[in-house]
Structure formats: structure tokens, C-alpha cells
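Computed from a prediction, not measured in an experiment: that's the story for all the values here. Heavy atoms only: backbone and side chains are in, while hydrogens, waters and symmetry mates are out. First listed ligand is number 1; within each ligand, the first listed atom is number 1.
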Amino acid sequence: MAGTSAYEKRGIAVNVPVWNADNCIQCNQCSFVCPHAAIRPVLLTEEEQAAAPEAFKTIKATGKALAGLTYRMQVDVLDCTGCGNCVDSCIAKTKALTLAPIGTQMEEQKNWDYAVTVPVKDDKMDKYSVKGSQFCQPLLEFSGACAGCGETPYIKTITQLYGDRMMIANATGCSSIWGASAPASPYCKNAKGQGPVFCNSLFEDNAEFGFGMVQGVKAIRNTLASYLGEIAAKAPSIKDAAEKWIASKDDAEGSKAASAELIEALKDFNCDGELKDKVKFVKDNTDHLVKKSVWVIGGDGWAYDIGYGGLDHVLASKEDINVFVLDTEVYSNTGGQASKSTPTAAIAQFAASGERIKKKDLGMMAATYGYVYVAQVAIGADKNQFMKVLKEAEAYNGPSLIIGYAPCINHGIKGGMGKTQSHEKAAVDCGYWHLYHFNPEAEHPFSLDSKEPDFSKFQDFIMSEVRYNSLRRGFPDIADELYKRTQEEAQKRYEGYVQRNA
Ligand SMILES: Cc1ncc(C[n+]2csc(CCOP(=O)(O)OP(=O)(O)O)c2C)c(N)n1
């Protein structure tokens with residue numbers, strides 16, 4: 001059952017954000033980073049505004065594209081987990097969000113209940129922009145992820161752009177647990193009844209599982225094209241619509257329009273004789289007319305270690321498949337075991353005296369194929385870079401691999417889980433994590449997207465996490481050497497990117 005998490009209304013936050021309309025600059029950053037889709041911008045027409053509850057205060061929506069509409073940032077008090085990343089990410093001169101005890105905000109729920117009845121207006125702005133993406137409905141909401149989870153905002157955004165035609169193959173790990181803790185399913189549907197198809201395979205074969213989805217979809221769609229070609233040749237009433245679909249079937253937006261036209265044309269179309277079964281096949285498979293966006297999702301334990309053989313094989317296949325690795329640098333869901341993504345010096349399970357092996361560069365390994373789109377992202381550091389590479393990766397007619405840095409409760413971040421987004425920024429600023437993309441179709445495929453880091457901040461950054469700073473307490477003899485080594489490895493990695501970028 002899709003979307004059942006919306007019925008939980010757990011009310012677990014101690015403090016929830018309160019929106020101050022006067023300070024808001026309508027950037028939608030707060031909504032973008034929310035791990036639980038519990039704060040969303042709403043656009044209203046005059047009639048919708050008139051029907052709103054009295055307390056539903058709005059402001060004039062800014063920008064030409066939103067002329068005539070009013071705007072409100074709506075908090076969902078009972079589904080919020082109170083992490084505070086929205087407040088931390090607010091870029092208004094004077095913050096437009098503050099935290100207040102949940103008890104003082106219960107009346108807000110009436111406003112939320114109204115907000116979700118207002119039709120989504122996702123066609124006004126470029127949905128691939130940071131602001132515009134947030135006017136699209138998240139089709140991942142109110143999951144059971146930790147407050148401040150670094151993983152969910154990435155996938156939430158992907159559902160906002162592609163959720164209506166998305167298929168997900170999910171490796172076992174946190175994402176399969178927050179993604180499908182029956183009976184509370186956070187993957188939901190839009191007003192047309194479209195939403196992501198989600199299935200969790202094993203920890204060890206998820207890339208192969210997604211590859212099977214791609215093959216299955218391809219077989220059905222190729223059969224549709226072949227049958228429709230035959231039908232079009234003999235049935236003038238659907239010829240145009242069928243040919244149009246065949247011509248645009250591999251173009252996402254084009255296939256949406258052509259599919260709608262074809263479904264309409266097929267409504268009253270029946271025929272006997274040799275084409276009867278083929279027409280039935282087409283009618284039975286209209287849900288495959290729109291081009292699918294297949295996503296293979298999992299953590300670093302899956303991608304770097306246990307599922308790596310399959311992942312490598314699938315990336316090498318040249319098939320049109322998208323992979324998103326939620327990189328928490330440990331096996332998060334089973335309590336934080338070290339993976340080959342864990343950097344030197346970090347304490348993790350099976351690395352109780354600090355990891356001794358340097359972090360594997362999964363992205364660059366994949367880039368050696370030359371035809372795999374690869375990117376490293378961190379939305380806390382650069383949302384625009386994420387939106388750009390997400391659009392390119394999804395549209396790339398071949399394998400894509402996006403690796404997203406995802407701060408996790410296992411890291412023990414100083415400042416807590418309300419700072420996961422600013423922590424991502426700090427990670428990039430000090431050279432702990434780098435942003436880049438490798439686009440096989442570009443003249444210069446590799447592009448280093450993050451600025452030159454300030455490595456003098458590196459040691460302070462790692463000391464702001466318990467997984468690193470506890471090494472000194474437990475193993476004072478070797479701690480400094482390992483801290484030095486992990487920084488050197490990050491620097492070497494960066495130098496390699498600079499060389500490629502030249
Ligand atoms: C073959 C196999 N080994 C171990 C497990 C237990 N297990 C489930 S999830 C998981 C950790 C997943 O870690 P990761 O891929 O990094 O994802 P995260 O939880 O960090 O998002 C493990 C070890 C399993 N399900 N199958």
C-alpha cells in the first residue's frame with residue numbers, strides 16, 4: 001500500500017519550525033533539505049486563498065512565473081521530527097524560521113491539512129532548479145528515517161522530478177528500512193495516481209535486480225513498439241498517435257504527451273482477426289508507454305563492498321540505468337560497520353582502533369569505463385550542482401552513478417543531527433568530500449565542481465565527529481599518525497581530481 005506513512009502522524013518532535021512570512025525570501029531551501037518532507041511551499045490562486053483557514057497567512061509569490069499567486073511555507077507539525085535543518089539552512093537575512101515547542105504549534109496542523117488539498121502547481125517554474133523542484137510534490141514523505149537523516153533529502157528530490165515514472169530497486173540498508181517499513185510506506189502517489197514503484201531486493205544483488213527491471217521494461221516497450229507499428233499500418237484511426245508514440249518513446253517528456261494521446265485514441269479502438277491479441281497486449285500495458293526512470297539505490301556497504309561485483313557489471317553494461325549511492329561511510333543500518341568507503345582513522349565496528357585502509361574512490365573507478373556518467377554530490381554544500389548533475393545523469397542514455405555524501409547518526413556530529421546539512425558544507429570546504437561530475441558526452445568529461453578546499457580546516461572538521469575524535473581517547477599513540485594519513489589521502493585524492501580537471 002502506497003503512502004500509508006501519511007496516516008501515522010507521530011508527533012515526535014520536541015520543537016518544530018515556525019514560519020515568519022515577513023522574513024521569508026521564498027528560496028525553498030528549507031523544504032529542499034527536509035528529510036521528512038514535513039515543510040513545503042504552497043502556491044495558491046485567489047479562490048484557493050479565499051477558501052483557506054483564517055490562520056493560513058500568505059505572501060505575494062515573487063517572480064514573474066508565479067504572478068497572481070500567493071505563497072506560504074507550510075509546516076507539518078505532526079510529521080516533523082524536529083531536527084532543525086530547515087532553520088539551519090534558511091538563508092534569509094533575518095531567519096524566516098525559528099524553532100518553538102510543538103505544544104505551541106498544534107493549531108498549525110489545520111493549515112497543513114488544508115495545504116495538502118491545494119492542487120500542486122509544478123508547471124510554473126523550471127523544476128530542475130532548486131526553488132522550482134520544491135513546487136513539485138515529494139513522492140517520499142514522512143519516512144521513519146532518523147531526524148536530520150542525510151540520505152532521504154536526495155531521494156526525496158529525485159521523486160519530485162521523476163517519481164511519476166520512477167522504478168526503484170533498493171538494496172537492503174537504511175534506505176530499504178525508511179523506504180518500506182511496512183505497514184508505513186513513505187513512497188506515495190500524486191493526484192493522478194502515479195508514484196514510484198519500489199522493491200527491495202537483497203543486500204548483495206541490488207544492481208542486478210535493477211538491471212532486471214531495465215531488461216523487463218525494455219522487452220515490454222520494444223514489444224509495444226513492434227505491435228503498434230503493425231497496428232498503425234492497418235488501422236488509420238490510431239496511425240498518427242501510434243507513430244507519434246514510437247517516435248518519442250525514448251524521450252521522457254515527449255513520451256508522456258504521446259502516451260496520453262495514444263491512450264485516448266485506443267479507448268474506442270477494437271479489432272478482430274490477427275491483430276486482436278496485439279491490441280489487447282497494448283491495452284494491457286499502457287502503464288509502460290511513458291518512459292521509465294529506473295533507479296538503483298543503496299548504501300556504501302552495498303555499493304563499495306557487498307554488491308560491488310554486480311554494480312560494476314551493471315555499470316559496464318551500457319544500459320540506461322541510474323544508480324544512487326547514499327554514502328554514510330559505514331553500514332548504517334546494522335550499527336555502523338566499516339565499509340571500503342570508511343576513511344582512515346574513523347572508528348567503526350570492525351575498525352575499533354580506527355580504520356587503517358584508505359577510502360576507495362568508487363566514482364573514479366566507474367569513470368574509467370569512459371561511458372558511465374559519474375558524480376559526487378553533497379546538497380548541504382551545493383544544491384545547484386546536485387540539480388545539474390541529477391538532470392544530466394537521468395537524461396544520459398547509459399549508466400549513471402551518483403554518490404551523495406550522507407551524514408549519519410553513527411558519525412556523532414558535534415552540534416547534532418540538526419546540523420547535517422551545514423556539516424556537508426563543512427566537509428566540502430575543508431576537502432574531506434569533493435564535488436565533481438564526469439559526463440561522457442561533454443567535450444571535457446571531468447569537471448571538478450567544488451572550489452579549492454581549505455585543508456587547514458580538515459583536522460577541526462574530523463574532530464567535530466565522535467567517530468574520529470574518540471580515536472585519540474582510546475588510542476593516543478597512533479591517533480595523530482592516522483589523522484595525518486587520512487588528511488594526506490584526501491589531499492592526494494583532490495590533487496588527482498585537479499589533474500583530471502586540467
Ligand atoms: C548478505 C547480507 N549480509 C548482511 C545483511 C545485513 N544487513 C542488512 S542492511 C546492512 C547494512 C547496509 O549498509 P549500507 O549498504 O552502507 O546502507 P546504509 O544502512 O548505510 O544506508 C547489513 C549488513 C544482509 N541483509 N544481507
Side-chain angles (χ1 to χ4, degrees), residues 35-36 81 83 140 143-159 168-182 186-187 196 198-210 295-315 322-343 346-352 355 357-363 365-366 376-380 401-413 417 420 423-424 427 433 465-467:
H36 293 84
T81 60
C83 71
L140 168 64
S143 74
C146 299
C149 175
E151 296 189 342
T152 47
Y154 291 115
I155 310 301
K156 182 192 68 173
T157 312
I158 298 175
T159 70
I168 302 172
N170 213 118
T172 308
C174 278
S175 51
S176 73
I177 304 307
W178 53 248
S181 321
Y187 285 103
F198 173 98
C199 201
N200 165 218
S201 177
L202 300 175
F203 187 38
E204 60 269 39
D205 71 357
N206 187 50
E208 297 91 317
F209 184 53
W295 287 84
V296 174
I297 296 173
D300 50 281
W302 161 68
Y304 285 67
D305 289 2
I306 311 291
Y308 178 69
L311 175 65
D312 173 61
H313 200 63
V314 168
L315 290 176
N322 308 289
V323 180
F324 201 103
V325 178
L326 299 154
D327 198 343
T328 58
E329 303 189 327
V330 275
Y331 293 44
S332 297
N333 202 244
T334 39
Q337 290 78 22
S339 78
K340 286 196 285 299
S341 171
T342 308
I347 285 187
Q349 294 201 28
F350 302 136
E355 179 61 283
I357 301 166
K358 77 171 181 183
K359 184 181 171 84
K360 163 172 166 177
D361 197 340
L362 180 67
M365 289 167 82
Q376 259 199 193
V377 300
I379 50 169
L401 169 70
I402 306 180
I403 306 168
Y405 186 53
C408 171
I409 197 160
N410 281 297
H411 298 174
I413 298 169
M417 292 298 282
T420 44
H423 203 66
E424 284 179 28
W433 185 262
E465 294 187 0
V466 173
R467 62 175 166 149

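Within 4.0 Å of ligand 1, the residues that place a heavy atom are E151, T172, G173, C174, F203, E204, G299, D300, G301, W302, T328, V330, Y331, S332, N333, T334, listed by chain and number.
E355 places no side-chain N or O within 3.5 Å of a backbone atom of A338 that could act as its donor or acceptor partner. Between the H36 side chain and the A145 main chain, a donor and an acceptor come within less than 3.5 Å of each other.
With sequence neighbours excluded, the residues satisfying salt bridge (charged side-chain N to carboxylate O under 4.0 Å, His left out) with K359 are D327, E329.
For an aromatic pair to be called close, the ring centres must be under 6.0 Å apart, and Y331 with F350 fails this.
Among Q337, E204, K340, the one residue that satisfies the side chain to side chain contact (heavy atoms under 4.5 Å, CB included) test with D305 is K340.
N170 and S175 are linked by a side-chain donor-acceptor pair at a separation below 3.5 angstrom, with hydrogens and angles left out of the test.
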